[in-house]
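Each chain gets a letter, A, B and so on, in the order its sequence line appears, and its residues count up from 1. No hydrogens, no waters, no symmetry mates; every other heavy atom, side chains included, goes into these values.
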Amino acid sequence: DQQVKQNSPSLSVQEGRISILNCDYTNSMFDYFLWYKKYPAEGPTFLISISSIKDKNEDGRFTVFLNKSAKHLSLHIVPSQPGDSAVYFCAASQRRAGTALIFGKGTTLSVSS
Amino acid sequence: GAVVSQHPSRVICKSGTSVKIECRSLDFQATTMFWYRQFPKQSLMLMATSNEGSKATYEQGVEKDKFLINHASLTLSTLTVTSAHPEDSSFYICSARNGETGELFFGEGSRLTVL
């Protein structure tokens with residue numbers, strides 16, 4: 001049973017527009033959520049995180065929103081750039097318990113110029 | 001620079017042989033390390049959790065006799081794929097937790113190809 005779901009395998013956006021990547025989770029014990037960017041044959045690169053006590057965290061062009069009641073989070077990238085093209089993974093963990101990250105299947109973002 | 005180093009980054013081996021992948025934390029002590037596996041166009045699947053000085057905890061469906069994990073020191077964990085078969089070909093990634101800060105860092109990954 002997948003605890004972290006990314007239902008859109010791919011997303012295409014034009015340069016300058018907003019990219020919105022979505023993620024749903026089922027485990028209500030998760031208290032820490034992260035987004036990673038990954039290129040083929042490389043390890044994931046941390047982008048941004050959010051604790052369950054917050055509903056929004058912003059870092060430059062990247063903003064993560066958390067809706068705990070809906071068990072849903074999203075990553076907004078504004079403005080999107082061609083260099084943002086990669087696979088984006090949503091991950092969740094029980095941070096206080098020190099558990100491993102559980103990843104979604106990823107969404108491939110393509111930003112065209 | 002990288003704070004978690006994996007070696008080798010790529011390895012090709014013959015079926016039936018064993019392959020060892022190392023994961024090192026470079027400037028912190030990693031009390032816990034995690035091993036993940038990724039198939040093409042798939043998610044990173046947690047294989048096992050290893051705590052320094054104790055036996056690894058394997059996820060359901062992961063054969064502990066096939067994927068041997070050793071976390072002998074606070075900076076090194078190894079994953080040995082024993083009697084490798086072509087279906088073991090995958091991208092293996094380790095993650096290390098900084099024992100002081102709790103931060104997680106990922107290695108660069110190791111691509112295993114079994115012929």
Side-chain angles (χ1 to χ4, degrees), chain A residues 1-11 21-27 29-53 59 85-110, chain B residues 1-11 21 23-24 30-51 56-62 69 77 89-113:
Chain A
D1 180 35
Q2 253 194 306
Q3 297 185 69
V4 178
K5 301 177 185 179
Q6 291 176 258
N7 293 320
S8 298
S10 62
L11 175 67
L21 297 102
N22 294 301
C23 178
D24 297 292
Y25 62 96
T26 57
N27 189 342
M29 298 297 290
F30 288 144
D31 56 12
Y32 192 55
F33 305 88
L34 308 92
W35 284 94
Y36 284 85
K37 179 179 181 180
K38 188 180 180 301
Y39 296 107
E42 291 184 14
T45 303
F46 170 76
L47 274 177
I48 193 168
S49 64
I50 187 167
S51 164
S52 60
I53 63 173
D59 183 4
S85 298
V87 180
Y88 288 78
F89 287 95
C90 168
S93 76
Q94 297 179 48
R95 191 178 195 185
R96 283 188 289 272
T99 62
L101 295 179
I102 304 300
F103 285 86
K105 287 191 173 182
T107 297
T108 300
L109 174 65
S110 300
Chain B
V3 294
V4 174
S5 175
Q6 267 186 254
H7 178 80
S9 58
R10 289 178 181 271
V11 56
I21 301 170
C23 178
R24 292 181 185 273
T31 50
T32 306
M33 287 187 173
F34 305 96
W35 286 94
Y36 291 85
R37 180 178 184 178
Q38 186 188 24
F39 292 104
K41 298 186 179 180
Q42 295 290 319
S43 179
L44 287 84
M45 299 298 296
L46 179 65
M47 297 175 66
T49 302
S50 75
N51 293 296
T57 303
Y58 289 81
E59 295 299 302
Q60 194 173 13
V62 178
I69 292 172
S77 176
S89 299
S90 191
F91 192 60
Y92 293 87
I93 303 172
C94 74
S95 172
R97 185 189 303 282
N98 186 316
E100 286 188 11
T101 66
E103 287 179 277
L104 271 175
F105 299 95
F106 282 86
E108 307 99 322
S110 300
R111 167 75 62 193
L112 171 63
T113 303

Less than 4.5 Å to any heavy atom of chain A: does that hold for the side chain of [X], its backbone, both, or neither?
X     : value
B:Y36 : side chain
B:I93 : side chain
B:Q6  : neither

Does a side-chain heavy-atom distance below 4.5 Å link B:Q42 with A:K105?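 In short, these two side chains touch, coming nearer than 4.5 Å.
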Taking the side chain as every heavy atom from C-beta outward, state whether A:Y32 and B:L104 have any pair of such atoms under 4.5 Å apart.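 When only atoms from C-beta onward are counted, B:L104 and A:Y32 do not touch, as no gap falls below 4.5 Å.
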Grab the two heavy atoms, one from B:F91 and one from A:A41, that are nearest each other, plus how far apart they are.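 The pair with the smallest heavy-atom distance is CZ-C, 3.4 Å.
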Kindly give the heavy-atom pair with the smallest separation between B:S43 and A:G104, and that separation in Å.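 In this case the closest contact between B:S43 and A:G104 is OG-O, 2.5 Å.
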Main chain of A:T99, side chain of B:R97: is a donor-acceptor contact present, judged purely on distance under 3.5 Å?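 Yes; at least one donor-acceptor contact below 3.5 Å.
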Proximal component of [X], with respect to chain B [non-hydrogen, under 4.5 Å]:
X      : value
A:L34  : neither
A:T108 : neither
A:F89  : side chain

